[in-house]
Peer 1: 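Pasting a structure here, questions to come.
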Amino acid sequence: MKGVFVVGAGPAGMFAARQIALAGFDAFLFNRDIKPGGLAEYGIYPLKDKMKTGLRKQFAKIMEMPNVHYIGNVQVGAAYDIPIAELEAMRPAAILFALGAQGTKSLGLPGEELKGVYSAKEFVYAYNRLPPFASMDYSTGRRIAIIGVGNVAIDIARWLLEDSPERQTEEVIIVARRGPLEVKFDKKEIEHVDRYISREQLVQELERVRERCERAGQDVSPEKVIAEHFRHLSDPKFESVPPRLSFRFLSSPTAVFGDENGRISSMEVAENNLVLRDDGSTAAKASGETARIDVDTLIFAIGDTHDAGIGLPMGRDGYATRPNPDAPQEPSFEVWDPAASRVFPGRFVAGWARRASTGLVGIARHDGELGANQAIEFVKNAPDSGTMEEAEIRERLEAKGLRPVNKADLALLARAEAIKGSFADNDSMLRTIAEEREATGVPST
Ligand SMILES: Cc1cc2nc3c(=O)[nH]c(=O)nc-3n(C[C@H](O)[C@H](O)[C@H](O)COP(=O)(O)OP(=O)(O)OC[C@H]3O[C@@H](n4cnc5c(N)ncnc54)[C@H](O)[C@@H]3O)c2cc1C
């Protein structure tokens with residue numbers, strides 16, 4: 001058999017598996033989490049029901065394809081359950097890595113390890129109930145700073161202002177390295193939370209940074225910025241409601257300070273100037289002045305990076321892929337060994353693993369499909385590799401003490417969750433699957 005292993009069952013991996021199965025090959029999805037979906041399940045805002053339900057339906061259809069196999073609860077990588085060499089020993093005809101951007105960017109600030117300081121990804125995983133984050137402490141306080149001005153920062157602000165069960169938020173402060181013209185969030189996302197913005201505070205903040213932005217040739221007059229990015233606030237009838245959502249521009253965190261209980265109590269930010277580069281873009285440059293902001297929670301929403309624990313060569317914004325000097329804009333999906341200046345034959349990478357934290361689900365899907373097409377072309381021209389059958393793979397993993405989850409297990413879990421609600425930890429899920437198997441007589445393979 002010529003089977004293609006796809007590592008990661010987020011949107012990129014799922015749609016890659018579909019493509020591979022449609023081409024007539026067997027696709028084996030290896031996934032760290034028990035359930036498939038990746039950030040589509042565990043990242044996208046919990047109340048975006050329509051989108052999440054639609055994606056779940058599409059994933060369910062992919063799972064119904066007889067030549068798509070699912071091996072969940074198994075983490076691939078040199079630092080994890082199965083190093084790549086052990087996957088290779090199962091004789092795949094090709095491997096496509098679609099495992100997302102699982103590394104966390106750190107600014108390396110003094111005090112970053114204090115309680116109440118979180119990475120956005122883990123915080124989002126927790127409120128979307130991904131084990132083990134769902135049962136860990138991501139408690140928030142009254143004044144929360146979020147570093148970053150993209151859609152993820154706005155999702156988190158929305159959670160804290162509206163939906164968090166903790167219900168004690170008084171103020172969320174979005175801290176941006178650069179100015180108001182460099183915000184990255186989409187209009188429709190800010191509109192979920194713009195009623196919490198005080199027009200007066202926003203105008204004050206725009207006036208505070210106005211001169212520094214003007215020196216870089218930018219017009220950040222309140223009328224212009226409000227019309228461009230905070231449309232509802234220009235309505236004369238606009239009135240904000242508590243809690244408060246505020247912005248602090250031209251500020252980079254430099255240190256975090258704690259209280260006697262080891263929890264963050266304040267942070268220091270460097271005041272930045274805006275510098276205009278030759279290509280017209282802007283950069284933040286510390287002015288030498290600093291300020292202290294009292295906060296009891298700090299969340300970094302500055303994007304993620306690719307995981308160094310896998311054993312794939314690291315590139316700048318994702319795993320290294322073959323450079324294409326003839327057409328640098330044409331994406332390459334082939335894993336590249338920079339030390340030997342050659343590709344690893346039959347090894348491909350797609351989605352956020354190829355370009356960390358880049359694009360929405362549609363982009364990840366498209367990337368997965370393009371990566372799969374390259375893998376399919378490779379496999380068509382390769383000899384039969386004699387890929388192991390799913391049952392043999394499962395036996396091998398169980399012999400290592402792992403507890404892989406297959407499509408039948410997912411169906412049993414879904415049945416139980418429909419009655420009992422979703423589980424916050426892997427042990428409860430695995431126990432429930434075992435109990436359901438026992439009760440229904442569904443065999444494990
Ligand atoms: C907070 C947040 C909100 C978002 N909201 C939206 C939105 O509203 N709309 C939208 O269109 N897009 C949204 N996105 C973007 C969207 O989620 C991504 O574009 C997409 O999920 C990326 O797909 P992927 O398959 O490359 O990676 P992921 O979705 O991250 O999937 C990676 C998969 O790989 C698995 N994996 C990881 N490591 C391993 C390993 N070592 N071994 C085996 N498996 C592994 C994971 O379990 C996961 O299933 C959001 C992203 C974030 C972070």
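Computed from a prediction, not measured in an experiment: that's the story for all the values here. All ligand and atom numbering here is 1-based and tracks the order in the structure. Residue numbers run from 1 in the order of the sequence given.
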Peer 1: Salt-bridged, E392 to R396, with N to O below 4.0 Å?
Peer 2: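 A salt bridge is absent here (no side-chain N lies under 4.0 Å from a carboxylate O).
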Peer 1: Can you find an N or O of Y80 that's nearer than 3.5 Å to an N or O of ligand 1?
Peer 2: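 No, Y80 has no N/O under 3.5 Å of an N/O on ligand 1.
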Peer 1: Nearest to atom 27 (O) of ligand 1, what protein heavy atom do you find, and at what distance?
Peer 2: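 Scanning the protein heavy atoms, the shortest distance from atom 27 (O) of ligand 1 goes to G100 CA, 3.5 Å.
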Peer 1: Enumerate the atoms of ligand 1 whose separation from the nearest heavy atom of G351 is less than 4.0 angstrom.
Peer 2: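 By the 4.0 Å cutoff, the relevant atoms are 26 (O).
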Peer 1: Looking just at side-chain N and O atoms, do Q19 and N373 make a donor-acceptor pair shorter than 3.5 Å?
Peer 2: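 Looking only at side-chain atoms, N373 and Q19 do form a donor-acceptor pair, the distance falling under 3.5 Å.
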Peer 1: Take F247 and F230 through the ring pair (Phe, Tyr, Trp, His ring centres under 6.0 Å) test and state the conclusion after the steps.
Peer 2: CA-CA 12 Å; F247 286 81; F230 304 96; 5.3 Å; yes
Peer 1: Between E171 and S246, do the side chains contain an N or O donor and an N or O acceptor separated by less than 3.5 Å?
Peer 2: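 Short answer, yes.
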Peer 1: Just which atoms of ligand 1 are under 4.0 Å from any heavy atom in Q102?
Peer 2: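 Those atoms are 30 (O), 32 (C), 37 (C), 38 (N).
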Peer 1: Does atom CZ of R403 have more than 12 heavy-atom neighbours from other groups under 6.0 Å away?
Peer 2: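 Counting other residues, nucleotides and ligands, CZ of R403 stays at 12 neighbours or fewer.
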Peer 1: Looking only at protein heavy atoms, which one is nearest to atom 31 (O) of ligand 1, and what is the separation?
Peer 2: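 The protein heavy atom lying closest is G10 CA, 3.4 Å.
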Peer 1: Hey, looking at atom 21 (O) of ligand 1, which of L39, N128, V7 has the closest heavy atom?
Peer 2: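 Nearest heavy atom to atom 21 (O) of ligand 1 lies in L39.
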Peer 1: With a cut-off of 4.0 Å, which atoms of ligand 1 are near a heavy atom of V124?
Peer 2: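 Answer, ordered by atom number: 1 (C).
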Peer 1: Looking only at the aromatic ring of each residue, does the gap between the centers of F97 and F344 stay below 6.0 angstrom?
Peer 2: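 F344 vs F97: aromatic centres not under 6.0 Å.
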Peer 1: Among all protein non-hydrogen atoms, which one is nearest to atom 2 (C) of ligand 1, and what is the separation to 0.1 Å?
Peer 2: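 The protein heavy atom lying closest is G43 O, 3.7 Å.
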Peer 1: Which of the numbered atoms in ligand 1 are below 4.0 angstrom from a heavy atom of I310?
Peer 2: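 Near I310, meaning under 4.0 Å from one of its heavy atoms, ligand 1 has 41 (N).
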Peer 1: Counting only heavy atoms, which portion of D155 has something under 4.0 Å from ligand 1: side chain, backbone, both, or neither?
Peer 2: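 It is the side chain that touches ligand 1; the backbone stays farther off.
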Peer 1: Between the side chain of N67 and the main-chain N/O of A21, is any donor-acceptor distance below 3.5 Å?
Peer 2: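 Between the backbone of A21 and the side chain of N67 there is a qualifying donor-acceptor contact (under 3.5 Å).
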Peer 1: Looking only at protein heavy atoms, identify the closest one to atom 43 (C) of ligand 1 and say how far it is in Å.
Peer 2: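 For this ligand atom, the closest protein heavy atom is R32 N, 3.3 Å.
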Peer 1: Between Y45 and ligand 1, does any nitrogen or oxygen pair lie at a separation below 3.5 Å?
Peer 2: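 Looking only at distances, the answer is no, because the N/O contact criterion of under 3.5 Å is not met.
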Peer 1: Which protein non-hydrogen atom lies closest to atom 51 (C) of ligand 1, naming both residue and atom, and how far is it?
Peer 2: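 Looking only at protein heavy atoms, the one closest to atom 51 (C) of ligand 1 is W352 CH2, 3.8 Å.
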Peer 1: Whether R263 and D137 form a salt bridge (side-chain N of Lys/Arg under 4.0 Å from carboxylate O of Asp/Glu) is what I want to check.
Peer 2: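 Salt bridge flag = no for R263 with D137.
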Peer 1: Considering distance alone, does some N or O of A12 sit under 3.5 Å from an N or O of ligand 1?
Peer 2: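 Yes - when backbone and side-chain N and O of A12 are compared with those of ligand 1, one distance drops under 3.5 Å.
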Peer 1: Return the closest protein heavy atom for atom 19 (O) of ligand 1 as residue, atom name and distance.
Peer 2: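 Of every protein heavy atom, G359 O, 2.9 Å lies nearest to atom 19 (O) of ligand 1.
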Peer 1: Ligand 1 and Q75, any nitrogen or oxygen pair closer than 3.5 angstrom?
Peer 2: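 No; the residue has no nitrogen or oxygen that sits under 3.5 Å from a nitrogen or oxygen of the ligand.
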Peer 1: With a cut-off of 4.0 Å, which atoms of ligand 1 are near a heavy atom of D33?
Peer 2: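 Per the distance check, 46 (C), 47 (O), 49 (O).
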Peer 1: Does M51 come within less than 4.0 Å of ligand 1, judged by its heavy atoms?
Peer 2: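 Contact check M51 vs ligand 1: positive.
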Peer 1: What are the atoms of ligand 1, with element, lying closer than 4.0 Å to any heavy atom of G38?
Peer 2: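 Matching atoms, with element in brackets: 29 (O), 31 (O), 48 (C), 49 (O).
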Peer 1: Centre-to-centre under 6.0 Å for F28 and H69, is that the case here?
Peer 2: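 Aromatic pair counts; centres sit under 6.0 Å.
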Peer 1: Decide if atom NZ of K61 counts as having more than 12 heavy atoms of other residues, nucleotides or ligands within a radius under 6.0 Å.
Peer 2: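 Open.
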Peer 1: Any Lys/Arg nitrogen of K35 or E417 sitting under 4.0 Å from an Asp/Glu carboxylate oxygen of the other?
Peer 2: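 Salt bridge: yes.
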Peer 1: Between K188 and E191, is there a salt bridge with N-O shorter than 4.0 Å?
Peer 2: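 Looking at E191 and K188, the cut-off is not met.
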Peer 1: Would you find a donor on one side and an acceptor on the other, under 3.5 Å apart, between the side chain of E112 and the backbone of G108?
Peer 2: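 At least one qualifying donor-acceptor pair exists.
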Peer 1: Using modelled atom types only, decide if a donor and an acceptor are shared between the side chain of R91 and the backbone of G386 within a distance under 3.5 Å.
Peer 2: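 Flag set: sc R91 to bb G386 pair under 3.5 Å.
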Peer 1: Find all atoms of ligand 1 within a distance of less than 4.0 Å from any non-hydrogen atom belonging to P11, and give their numbers and elements.
Peer 2: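 In order of numbering, the contacting atoms are 20 (C), 21 (O), 23 (O), 25 (O), 29 (O).
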Peer 1: Determine, for D81 against R32, whether the closest basic-nitrogen to carboxylate-oxygen distance falls under 4.0 angstrom.
Peer 2: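 Salt bridge flag = no for R32 with D81.
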Peer 1: Mind checking whether A364 contacts ligand 1 via backbone (N, CA, C, O), side chain (CB onward), both or neither, at a 4.0 Å heavy-atom cut-off?
Peer 2: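 Looking at A364 and ligand 1, just side chain atoms fall under 4.0 Å.
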Peer 1: Which part of K121 is near ligand 1, with near meaning a heavy atom under 4.0 Å away: side chain, backbone, both or neither?
Peer 2: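 No part of K121 comes within reach of ligand 1.
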Peer 1: Decide whether an N or O pair under 3.5 Å exists between A101 and ligand 1.
Peer 2: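 N/O-N/O distance under 3.5 Å: no.
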Peer 1: Please list the nearest protein heavy atom to atom 52 (C) of ligand 1 with its residue and the distance rounded to 0.1 Å.
Peer 2: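 That would be V152 CG2, 3.9 Å.
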Peer 1: I'd like to know whether ligand 1 has G77 as a neighbour, heavy-atom separation below 4.0 Å.
Peer 2: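 Not so, G77 does not reach ligand 1.
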Peer 1: Could you check which of D304, V361, I44 puts a non-hydrogen atom nearest to atom 4 (C) of ligand 1?
Peer 2: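 Residue with the shortest heavy-atom distance to the ligand atom: I44.
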Peer 1: Could you tell me whether the side chain of N151 and the main chain of D186 form a donor-acceptor pair under 3.5 Å?
Peer 2: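 Checked: pair present.
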Peer 1: State if V74 counts as touching ligand 1 under the rule of any non-hydrogen atom under 4.0 Å.
Peer 2: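 Right, V74 reaches ligand 1.
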Peer 1: Taking the cut-offs as 6.0 angstrom to the six-membered ring centre and 45 degrees off its axis, would you call R129 and Y127 a cation-pi pair?
Peer 2: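 Pair R129/Y127 does not count as cation-pi.
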Peer 1: For atom 37 (C) of ligand 1, which candidate among I82, D367, L99 provides the closest heavy atom?
Peer 2: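 Checking each option, the heavy atom nearest atom 37 (C) of ligand 1 is found in L99.
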Peer 1: Considering heavy atoms of the protein only, find what lies nearest to atom 8 (O) of ligand 1 and give residue, atom and distance to 0.1 Å.
Peer 2: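 Looking only at protein heavy atoms, the one closest to atom 8 (O) of ligand 1 is K48 NZ, 2.7 Å.
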Peer 1: Number the atoms of ligand 1 from 1 as they appear, then name those within less than 4.0 Å of a heavy atom of V76, with their elements.
Peer 2: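 By the 4.0 Å cutoff, the relevant atoms are 40 (C), 41 (N), 42 (N), 43 (C).
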Peer 1: What about N31: any of its N or O atoms under 3.5 Å from an N or O on ligand 1?
Peer 2: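 Yes, at least one N or O pair falls under 3.5 Å.
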Peer 1: Would you say L360 has any N or O atom under 3.5 Å from an N or O of ligand 1, going by distance alone?
Peer 2: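 Yes, since at least one N or O of L360 sits under 3.5 Å from an N or O of ligand 1.
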Peer 1: Under a 3.5 Å threshold, yes or no: a donor from one side chain and an acceptor from the other, between Y125 and D33?
Peer 2: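 Side-chain D/A pair, Y125 to D33: absent.
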